[in-house]
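Below you'll find the structure, written out as structure tokens, and then a few comments.
Both backbone and side-chain heavy atoms feed into the values below; hydrogens, waters and symmetry mates do not.
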Protein chains: 2
Amino acid sequence: MAPDVFTVLADPTRRRLLGALASGERTVNDLVAGVDIEQPGVSRHLRILQEAGFVFVRPDGQRRWYSLRTQPFDALVDWMHGLAQDQAGRLERLAALIEVSKGPSPKGRRR
Amino acid sequence: MAPDVFTVLADPTRRRLLGALASGERTVNDLVAGVDIEQPGVSRHLRILQEAGFVFVRPDGQRRWYSLRTQPFDALVDWMHGLAQDQAGRLERLAALIEVSKGPSPKGRRR
DNA sequence: TGTATATATACACGTAAGGAAATGTATTGG
DNA sequence: CCAATACATTTCCTTACGTGTATATATACA
């Protein structure tokens, strides 16, 4: 079963992979060069990231180009937003940190 | 050694505890009622949350009142902000999600 | 004082996650 | 075709994590 967003982001290697993908599309070998584990480990992490929706794969011959997807971050932001809402005005700092939209919809999950 | 923010938030019970604390100060027994593990488990989670700065403890007789702290969320938001910056205009959606301030250096957590 | 309550700590255990090494599969190039 | 390259998958092992039970500590109460 696909693990939740928090579990996926808990692994430091996976966060490094996402960081590497932030600057653009990368192949597996590109990503292997940036971390300190072997290629099979990277492939396994990429599979987890893919199943969680964090990455998109574009096969191109024998290469596979991975790119970053932002949708899973919604769950993260939504959860923090929920915390801030429960806190009302108690901890405005958190609310300010994750304030994203001024629209009337309190949940903000459109499309 | 104190685990990082992502690792702390990876546990669903800890997230539920933070959610319970979002509505105000709670004692350990209060929190035990909201989750499905025994009291020692809750105390252990609270210790982890405390060491990571997520909660503040106010001893009051035999009770211990726990409350939420927002500072550790900074690391989370900073990391996402860093991702969005590396992406520049490539994925404006993520950038929009975590956009928090128009200031030049809101928190100054740079690598 | 002694006992109950509130919470923390110690111990033991099962499970799940991450890694290395080996192997499998697809694609390119000679 | 055959070899090399790029990547995925499998297997095995080790370690770390969360949990329950039991116990310790501290405070209230009678």
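Between Tyr66(A) and the phosphate of dA8(D), there is a side-chain N or O to OP1/OP2 separation shorter than 4.0 Å. For Asn29(B), a side-chain nitrogen or oxygen approaches OP1 or OP2 of dT7(C) to under 4.0 Å.
Arg47(A) comes within 4.0 angstrom of the backbone, heavy atoms only, and of no base.
Judged by distance alone, with hydrogens and angles left aside, Gln62(B) brings no side-chain donor or acceptor close enough to the base of dT7(C) to form a pair under 3.5 Å. For dA6(D), its base never sits under 3.5 Å from the side chain of Gln39(A) at any donor and acceptor pair.
Of all the residues in residues 2-19 of chain B, Asp11(B), Thr13(B), Arg14(B) reach under 4.0 Å from DNA chain D with at least one non-hydrogen atom. For residues 49-61 of chain B, proximity to DNA chain D is found at Gly61(B), defined as any non-hydrogen atom under 4.0 angstrom from a strand atom.
Using a 4.5 Å heavy-atom cutoff, the side chains of Leu9(B) and Leu76(B) are in contact. Under the 4.5 Å side-chain criterion, counting only non-hydrogen atoms from C-beta, Asp11(B) is not in contact with Ile48(B). With a 4.5 Å cut-off on side-chain heavy atoms, Asp4(B) and Thr7(B) count as touching. Side-chain contact between Val8(A) and Arg14(A) is present, with heavy atoms from C-beta onward closer than 4.5 Å.
Closest non-hydrogen pair, Ser67(B) versus Glu25(B), comes out as CB-CG, 3.9 Å.
Put simply, CG on Asp30(A) is 17 Å from P on dT5(D), counting in whole angstrom units. Atom CG of Leu31(A) is separated from atom P of dA6(D) by 14 Å (rounded to the nearest Å). As rounded to whole Å, 16 Å separates atom P of dA6(C) from atom CZ of Arg26(B). If you measure from atom CZ of Arg44(A) to atom P of dA16(C), you get 14 Å, rounded to the nearest angstrom. In this entry the distance linking CD of Glu38(A) with P of dT9(D) reads 18 Å, nearest Å. Summarising the geometry, the separation between CZ on Arg63(A) and C1' on dT28(C) is reported as 10 Å, rounded to the nearest angstrom. Atom C1' of nucleotide dT7(C) and atom NE2 of His45(B) are separated by 16 Å, given to the nearest angstrom. Summarising the geometry, the separation between CD1 on Ile48(B) and C1' on dG18(D) is reported as 8 Å, rounded to the nearest angstrom.
With dA22(C), dC7(D), dT19(D) as the candidates, the nucleotide lying closest to the side chain of Pro40(A) is dA22(C). Here the side chain of Arg64(A) is nearest to one of dG18(D), dT7(C), dC7(D), namely dC7(D). Counting only heavy atoms from C-beta on, Ile37(A) has its side chain closest to dA20(C) among dA20(C), dG18(D), dT7(C).
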Legend entry - Derivation of the side-chain contact (heavy atoms from CB on, under 4.5 Å) call for Gln50(B) and Val57(B): CA-CA 8 Å; Gln50(B) 183 188 354; Val57(B) 197; 3.6 Å; yes
Inset, instruction - Check step by step if side-chain contact (heavy atoms from CB on, under 4.5 Å) holds for Leu83(B) and Phe73(A). - result: CA-CA 11 Å; Leu83(B) 272 194; Phe73(A) 287 99; 3.7 Å; yes
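Judged by the 6.0 Å distance and 45° axis criteria, Arg69(A) is positioned over the aromatic ring of Phe56(A).
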Under 3.5 Å, which donor-acceptor pairs link side chains of residues 59-66 of chain A to any protein atom two or more places apart or in another chain?
from     : atom 1 : to       : atom 2 : distance (Å)
Asp60(A) : OD2    : Trp65(A) : NE1    : 3.3

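The backbone N or O of Ala75(A) lies less than 3.5 Å from no partner atom in the side chain of Asp78(A), so there is not a single donor-acceptor pair.
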